[in-house]
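In what follows, a structure is listed as structure tokens, so that the remarks can point back to it.
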Amino acid sequence: MAGYDFTAIEKKWQDYWEQAGTFRQPNPGEKDFVEAPKLYVLDMFPYPSGVGLHVGHPEGYTATDILCRFARMNGYNVLHPMGYDSFGLPAEQYAVEHGVHPRETTARNIANIERQIRMFGFSYDWSRRLATTDPEYYRWTQWIFLKLYNSWFDPEAQAARPIADLERKLLSGQLVVDMNGGVVPAVAARRIADIDLYGLQVGQMKFSELESDQQRRLLDEYRLAYISEAPVNWCPMLGTVLANEEVTNEGKSDRGNFPVYRRAMKQWMLRITAYTERLLEDLEKVDWPEPIKIMQRNWIGKSVGAEVKFEILGSTGVSPVSSGVSPVTSSFKYYCDDSTRPFPPLVSLSFEGKNPYPPGEPSSPDLIAAARNLPHLEIPGATYFVTFHCAGQEMLSEPERDMVMNACLHWHGSKCCVYAATVLDNHVHMIVRPLEGESMDRLTHSIKSFTAHEINKSRARKGPFWLEESFDHIIRDERWLSDFTKYICDNPVKRGLTSRADAYKWLWINAEELLIRDSAAHFGHESEEYRRDACDTQSNRRDACGTQESIVVYTTRPDTLFGATYMVLAPEHEMVGDLTTREQAEAVKAYVAAAANKSELERTAETKEKTGVFTGAHAINPVTGQPIPIWVADYVMMGYGTGAIMAVPAHDTRDFEFATKFNLPIVQVVQPPEGVDWHGYVDDGIAVNSGPYDGLPTAEFKEKITADLAAKGLGKRAVNYKLRDWLFSRQRYWGEPFPIVHCERCGVVPLPESSLPLTLPDMDDFTPASSSDPDALPAPPLGKAGDWVNTVCPSCGGAAKRELNTMPQWAGSCWYYLRYLDPQNSHRFCDEKIEKYWMNPGGKRHDAARLQSPMGTDLYVGGAEHAVLHLLYSRFWHKVLFDLGYVSTAEPFGKLFNQGMILGIAYRDGRGVAIPLESIDFTGDKPVHKETREPLITSVEKMSKSLKTSAVNPDDVIAQYGADTFRLYEMFMGPLEASKPWNTRDVPGVHRFLNRVWRMIAGDEERPAMIAGQDNPEVERSLNRLTRKVGEDIVAMKFNTAIAAMMEFVNTVYKAASLSAGQARRFLLLLAPFAPHICEELWRQLGGDKSLAREPWPQYDEASIAEESIELPVQVNGKLRARVQVPAGADEAAMLQAAMTEPKVAAALEGKTLVKKIVVPLKLINFVVK
RNA sequence: GCCGGAGUGGCGGAAUUGGCAGACGCGCAGGAUUCAAAAUCCUGAGUUCCUUACGGGGCGUGUGGGUUCGACUCCCACCUCCGGCACCA
């Protein structure tokens, strides 16, 4: 296509801008910095792949460039940088395949993509260019990691604080350690009785009393970056673990489509979950497209519901044959034909069936499970059988068990009498009687606290030790006790019960039998009042101790509790083993093993068909008192809620399917609206079959039952999130190394900041281990760099090994917008003052805020594919930096704009084969194949190389039409946010427009330019209107209509065939942001002596836009009948007059009754007639 | 399945947010220029019916209903396509 010489012009002006430094933007503090309102316009930086630039990239880049050029002409200081997200898997894979070092391929790819980006003439400040692979860049990525590592999330402040603050608070006693290893505020005990021997609330420990090693471990549990052994997505083919986000729906790796398995592995995690609430709340502060906000909210997945406790019933052969109204008042019958007891039973019970306690040493799970069935009661003067679980990190060693046992045996004196104690499988079992005035409730706390203290004092280099989860039971028969005492006395090992097998079995069986008799007798005659007291005591204790004798479920529908007819545990649930009966053991074991071995793919592929297996155990529905079976099924996941559910088949689709398949009872508890079947009805309704709650609407019911359950200690309000902590390590070479060493003596040790950057070692063999075996172990490539791996510990100077994992690709992109602010700074990731200037609104001009956003970058443009991951991760890092005082805004990106995807058009024949453009005849209504004349189907699809017709290479388009045409075409295609097809056949249209502009101002061989000596009045009005329109459209990012308006203007000029040089110049300024090269050239031809990039944006004259007369549409009964000309200032009467006298209108009104006259001033008139 | 977004000429799309549907561009047709073509310039066109013509009427924004003097725009139900999430209790 003939026309102006865009190739030469574009080269000329790109060189000019580069040499003149036209777009270099000085920072505050630099000598050529000028005080002005700021505008920070950010593009999502590209990943420099080997393929080069895609047509999608320049779409967003052109949009931001237009806005930036517009802002400069409006007097803003504009920050508009570009860089490269150059670490990552594809670069490494490409390098592996081609046997070239990723550093080389990355450098090559960057060079190519930068050449392409520069061809477009974008007004980037190239002096701020960065690459995430540059050691001077990732030095600060590592630095931020250290900040994460050295911080914790202070729940009181709801913010990140240095970990040193936590340590200080713990050492000062402001915070103490509770029995679960949690850090809690030290509250003043309400009663003296709640304080234990060491002045703490019962069940708490002072941090300072812990070994230094234990202290360190405790602190590690609170860091924002921590190592955790958690189930992760392991991809053996890629030889790396992947984030959830990098695994596809089909359970394959995002890259390469390899199978991914769930495996427990030690990995670095970032505690993003600490920020869920703030990540959610602060979405209100930013100007983002609502759909993107919704996607982020969905990803975080907050739901409000309740946790409900279900008591477990019968597991080790003890099963109820009848049950009462509540677990507390249930009565039991047991059978037992054990004849090996050393002492005869003191109470006769009816024994049926077989022996639940087979010969041999009973295991702790057996005992615990049995204990769970027994009621908790607080009876004055009773003797108790108590079981504690030792919650240390490892199994106790033999000497430690003795230590614990002795500690328990010697725990007596003023408060209680300890008859016996033993330790078995990390469980402590004791027989204790509180002395007068003491309650067992308080005693158990003291015992825990005391014992833990004693043990922790003497344990070295092991994790902290706690006692938790007590099960205490009453032994009240004095005669039995004396027999027992006699037995102990007769025993060669006095009181110690070290011949555990016999002594223990004896102890247990008798204790249980006595207990049963006691309870039965007790409930036979106790008053209601006493029963309530017992209940209260029970629930209080559970709150304080945590419970293992019950299963806690999370539900968003506590209102359907009466319809919970069974329970389901996730296969990974820790209680599955304990619960399962011997009869079901095989089946459950097999099922759990199978679930663990399934890849994600297999597990999702089976969505259609529910699977599961019965554990043999039952729980008690807390509101109906009915026993319900406990199942294991993989449709319940360990990672969400508590890993256990109450199943309400009547009102949950999945439970309904499951119950139908396994023939479980389905009970309706919600009444749907008229005509709707209640089977599987999941929406709100009216409660039925729900006892006292019948008739309540769902929402109200939820509130009420949650409160009622809480009052009884059976549940509480709970909030859950789908968001999980961020798996932050990869077993790859091409990523940021962790600034961490592992020292045998000191454990995990961070490098000092002064030693950064920790650069990647130069390696010849950086290939990751690849295997098809799901059980292959990760072998990070860095492990092969021996010299690099072996180092000294910065803390003790001893031998240490470096962390072998690298950071994921997201790391570098989490903060690059901050580095652009001050990219050369070698002392700080970014200067404080500079950060404040660019990240906060401000500037002297009154209209500065027109383009600015309230915080962070003023505009961030990129594809919606980053709607969750990158944007969530960045916000998280930014908030941590904000909490620690390194940045001044709560959010990084004030305004976000998502460009739509550019699709390709493919023409396919009947068989679905894509036909190349050359073989298509477009002359008819429908495209047909040139040879076969077969009609072709036009389909719009994602661009890919396989669709011959749809893949577009920017290089080719620019070579043929130039950058200005490319820019203009992509902006003219449609709204920026919409997905739209690239149609190569439309490109010449905008090119033609630019040629028309050229001929209009510069002329060509055949025709002179249209420049006249004076303003053309018609052109003037049109130009004023255009000036307003283009300004408004740019601010609103409606570039397509701005371009259409400019085309209209040019058409007007062609009709008028003249415009003045001044008018031409004003027009060029309007077009320049869109098509800068041609405008610069024509500007020069019209006498400009420098770039127009900083010429003031043209003003328009409001008065000259107004038309003298307007055309008024006239409707009759809503149908357009005519148009009349009225003066612009016409009043209502004049408009009506003009309308009614119009012949066609008059004809339509003829003989009809005029009912109503609608007059919209200067817009329209409508007559309503009958 | 759930959550978003979108359906307007042969095609990409426009419509001041309830007031002239189809701006602008592609493609198409006709004309001018040319020996001819390309390029360029001008003109035409949603569709259908009546009319030789000039003109004029009907129908038209995925489908069906509703609100309104008036609906591409608001409400209800449904269909199709695109994107995201997906056994999240």
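Below, each value reflects all heavy atoms present in this structure, side chains not excepted, and no hydrogens, waters or symmetry copies. Numbered from 1 within each chain, the chains take letters A, B, ... in sequence-line order.
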Select one nucleotide: of B:G4, B:U40, B:C26, the one nearest the side-chain heavy atoms of A:Pro291.
-> B:G4
Using atom CE of A:Met1000 as one end and atom P of B:C41 as the other, report the distance to the nearest whole Å.
-> 12 Å
Rounded to whole angstrom, note down the P distance from B:G9 over to B:A23.
-> 13 Å
So which nucleotide from B:U16, B:C41, B:C26 ends up closest to the side chain of A:Arg1007?
-> B:C41
Contact class for A:Tyr1054 vs. all strands (heavy atom < 4.0 Å): base, sugar-phosphate, or nothing?
-> sugar-phosphate
Which part of the nucleic acid does A:Asp655 contact within heavy-atom distance under 4.0 Å: base, sugar-phosphate only, or nothing?
-> nothing
Modelled atom types, side-chain donor and acceptor of A:Asp1004 and A:Tyr4, under 3.5 Å | no
Quick one: do the A:Tyr591 and A:Thr611 side chains pair a donor with an acceptor below 3.5 Å?
-> yes
Pair A:Phe966-A:Tyr961, ring-ring contact (aromatic ring centres under 6.0 Å, His included): steps then yes or no = CA-CA 7 Å; A:Phe966 194 114; A:Tyr961 297 105; 9.9 Å; no
Considering only the P atoms, how many Å lie between B:C82 and B:C75, rounded to the nearest integer?
-> 25 Å
With rounding to whole Å, what would you report as the distance between B:A14 and B:G25 at their C1' atoms?
-> 11 Å
Classify the side chain of A:Lys722 and the base of B:C85 as holding, or not holding, a donor-acceptor pair under 3.5 Å.
-> no
Residue A:Arg992, side-chain heavy atoms: nucleotide from B:G13, B:A23, B:U40 that is nearest = B:U40
To the nearest angstrom, the CG-P distance between A:Asn1040 and B:G13 comes to 10 Å
Looking for any heavy atom pair under 4.0 Å, which part of the strands does A:Arg1121 touch: base, sugar-phosphate only, or nothing?
-> sugar-phosphate
Does a nitrogen or oxygen in the side chain of A:Asn898 sit under 4.0 Å from OP1 or OP2 of B:G5?
-> no
Does NZ or CZ of A:Lys610 come closer than 6.0 Å to the centre of the six-membered ring of A:Phe658, within 45° of the ring's axis?
-> no
Return the 5'-most residue of the pair A:Lys1156, A:Val990 with respect to RNA chain B, ranking by each residue's nearest nucleotide.
-> A:Val990
Pairwise C1' distance, B:G66 and B:C54 [rounded to whole Å] = 42 Å
Rounded distance [0.5 Å steps], CE in A:Met44 versus CD in A:Gln899 = 8.0 Å
What distance, rounded to whole Å, do you find between the two P atoms, one in B:G57 and one in B:G64?
-> 25 Å
Which of these nucleotides, B:A89, B:G12, B:C87, is closest to any side-chain atom of A:Tyr554?
-> B:A89
Return the nearest nucleotide to the side chain of A:Lys980; candidates are B:C87, B:G5, B:G13.
-> B:G13
Can you tell me the distance, in whole Å, between the CD1 atom of A:Ile294 and the C1' atom of B:C85?
-> 13 Å
Integer-rounded Å distance: B:C26 C1' and A:Tyr969 OH = 9 Å
Separation of B:G12 P from A:Phe1039 CZ (nearest whole Å) = 22 Å
Mark yes or no: A:Arg996 above the aromatic ring of A:Tyr1054, with NZ or CZ under 6.0 Å from the six-membered ring centre and no more than 45 degrees from the axis.
-> yes
In terms of base orientation, is B:U17 syn or anti, with the syn window spanning 90° either side of 0?
-> syn
Can you name the closest pair of heavy atoms from A:Ala63 and A:Leu976 and give their distance?
-> CB-CD2, 3.5 Å
C1'-based separation of B:A6 from B:G62 [nearest Å] | 11 Å
Checking B:U40, B:C85, B:G13 against the side chain of A:Trp299 (C-beta onward), the nearest is B:C85
note: A:Arg985, atom CZ; B:C28, atom C1'; distance rounded to Å ~ 11 Å
Here the distance between atom P of B:G12 and atom NE2 of A:His991, to the nearest Å, is 24 Å
Which nucleotide in the set B:G84, B:G25, B:G19 lies at the smallest distance from any side-chain heavy atom of A:Met295?
-> B:G84
Assign B:G9 to syn or anti; the rule is syn for a glycosidic angle within 90° of 0 and anti otherwise.
-> syn
For B:C74 versus B:U17, give the span between their C1' atoms, rounded off to a whole number of Å.
-> 11 Å
Measure the spacing between CZ of A:Phe701 and CZ of A:Phe562 and express it to the nearest 0.5 Å.
-> 5.5 Å
Nearest of B:A21, B:C42, B:C87 to any side-chain atom of A:Met637?
-> B:C87
Distance between the C1' atoms of B:U61 and B:G46, in whole angstroms?
-> 11 Å
When the distance from NZ of A:Lys1038 to P of B:G12 is rounded to whole Å, what number comes out?
-> 20 Å
Residue whose nearest RNA chain B nucleotide is more 5′ - A:Met901 or A:Val987 = A:Val987
Of the candidate nucleotides B:C41, B:C59, B:C87, which contains the atom at the shortest distance from the side chain of A:Arg996?
-> B:C41
Assign A:Asn1166 to base, sugar-phosphate, or nothing according to its heavy-atom contacts below 4.0 angstrom with the strands shown.
-> base
Contact class for A:Gln1115 (heavy atom, under 4.0 Å): base, sugar-phosphate, or nothing?
-> base
